[in-house]
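Here is the structure we will look at, set down as structure tokens.
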Protein chains: 2
Amino acid sequence: MGNTNKVVRETACAKPSSHCREVADTLARIGDKWTVMVVAALSAGEAVRYNEISRRVDGISQRMLTLTLKGLERDGFVSRTMYPTIPPRVDYELTDLGKELVVPLRALYAWAEAYRPAILAAREEFAKREEIEAPRRAAFTAPK
Amino acid sequence: MGNTNKVVRETACAKPSSHCREVADTLARIGDKWTVMVVAALSAGEAVRYNEISRRVDGISQRMLTLTLKGLERDGFVSRTMYPTIPPRVDYELTDLGKELVVPLRALYAWAEAYRPAILAAREEFAKREEIEAPRRAAFTAPK
DNA sequence: CTGTATCCACTAAGATACTG
DNA sequence: CAGTATCTTAGTGGATACAG
């Protein structure tokens, strides 16, 4: 609990009057493994139930779905409506803020689609160059 | 090393013919903590040396800077030019692809700037509601 | 149905020290 | 100056079991 490390975190920025740390922060929040996909699952506009999201975002664990939804709710991107029926039913829906998030996300989506081939190509070329230069260090693999 | 868990990773997608997993993947790649800031440090256009980037992205460790730069180089976003002088000098510069990346990043930047107040407001309101509903579970804090 | 709680494996990331 | 190597710690995410 004692704050031994004080971590300044200020001025960790390239440009003068820009809050690029805040962008990085925001990007990190929406850019994690599941958030984008959950938002995508809700982007159609209608309210979706917990299990339906779980089905749409196949591969997500309950834990991660709950955490992701809670994070999105916390930041005001989705609204949670609970019906105390039996069995219980909970609807999730994008808020207005959430819908605003979809806009830049779609832009990024378009960008990713457009440039992914270029990225993959660059990656392959890089891998090839690595295989040429790797052997130079391989000689240094002396056991201690 | 034995692959006990087989991890399908296919069809983890909401919409039919969309590669939203790929967007998530791309977003995760460019959306991590340091990548955005390093790209920002290079976004002015000129070539920048290793230590200069290190200075601009204050707080980054050598390890993380090296890894981030290697990742960016790998994906074709930055070019690395090495001058075998003494002392050695290495310049990093955004490639054309890297400059294309700056475009959606700026859009996201604008979005983050515009909506951050709304997000922070939502977060505070959520925190308040939590404090009201938390006590209900506090009663269950029985020691095992 | 809609979660919560616990445990465990893996990875990411910082600090530090050393090399060409 | 421009990295690499290694160690250690903290956080992420999955599986499972259980609760309301």
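Reckoned from all heavy atoms, side chains included, excluding hydrogens, waters and symmetry mates. Naming: A, B, ... by sequence-line order, numbering from 1 per chain.
- Here the CE-CG distance, from A:M64 to A:L69, works out to 11.5 Å after rounding to the nearest 0.5 Å.
- The distance between atom CG of A:L65 and atom C1' of C:dA5, rounded to the nearest whole Å, is 16 Å.
- When the C1' atoms of four end pairs are superposed on the next four at each end of the helix from C:dC1-D:dG20 to C:dG20-D:dC1, using five pairs per end, the two resulting axes differ in direction by 40°, to 10°.
- Taking the side chain of A:R49 as heavy atoms from C-beta on, and the options D:dA2, D:dG3, C:dC1, the nearest nucleotide is C:dC1.
- The phosphate of C:dG14 (OP1 or OP2) has a side-chain N or O of B:K33 nearer than 4.0 angstrom.
- Side-chain contact between B:L97 and A:Y115: present, with at least one pair of heavy atoms (C-beta onward) separated by less than 4.5 Å.
- Residue A:R89 has no polar side-chain atom (N or O) positioned under 4.0 Å from OP1 or OP2 of C:dG3.
- A:E100 and A:R106 are not joined by a salt bridge, as no carboxylate oxygen comes within less than 4.0 angstrom of a charged side-chain nitrogen.
- Residues forming a side-chain hydrogen bond (donor to acceptor under 3.5 Å, both in side chains) with A:R49 (at least two apart in sequence, or on another chain): none.
- The phosphate of D:dG3 has OP1 or OP2 within less than 4.0 Å of a side-chain N or O from B:Y92.
- For B:T66, taking side-chain heavy atoms from C-beta onward, the closest of the listed nucleotides D:dT4, D:dA2, D:dG13 is D:dT4.
- Side-chain contact, B:T35 with B:D32: a donor N or O sits under 3.5 Å from an acceptor N or O.
- With sequence neighbours left out, the side chain to side chain contact (heavy atoms under 4.5 Å, CB included) criterion links A:E93 to A:A47, A:S79.
- The side-chain hydrogen bond (donor to acceptor under 3.5 Å, both in side chains) check on A:T66 picks up A:Y50, with sequence neighbours excluded.
- Separating the CG atom of A:D32 from the P atom of D:dG11 is a distance of 16 Å, rounded to the nearest angstrom.
- Atom CZ in B:R29 sits roughly 14 Å away from atom C1' in C:dT11 (whole-Å rounding).
- Listed pair A:K70 / C:dT4 meets the phosphate criterion, a side-chain N or O lying under 4.0 Å from OP1 or OP2.
- Listed candidates were D:dC1, C:dG14, C:dC1. Nearest to the side chain of B:W34 is C:dG14.
- Geometric assessment of B:R89 against the ring of B:Y83 yields a positive cation-pi assignment under the 6.0 Å and 45° thresholds.
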Atom pairs under 3.5 Å, N or O on each side, protein against nucleotides 16-19 of chain C: can you list them with distances?
none

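- DNA chain C is contacted by both B:I60 and A:L69; A:L69 maps to the nucleotide lying nearer its 5′ end (nearest heavy atom per residue).
- Following rounding to the nearest Å, B:R80 (CZ) and D:dA2 (C1') show an atom-to-atom distance of 8 Å.
- For the side-chain hydrogen bond (donor to acceptor under 3.5 Å, both in side chains) test, residues two or more places apart in sequence or in another chain that qualify with A:R123 are B:D75.
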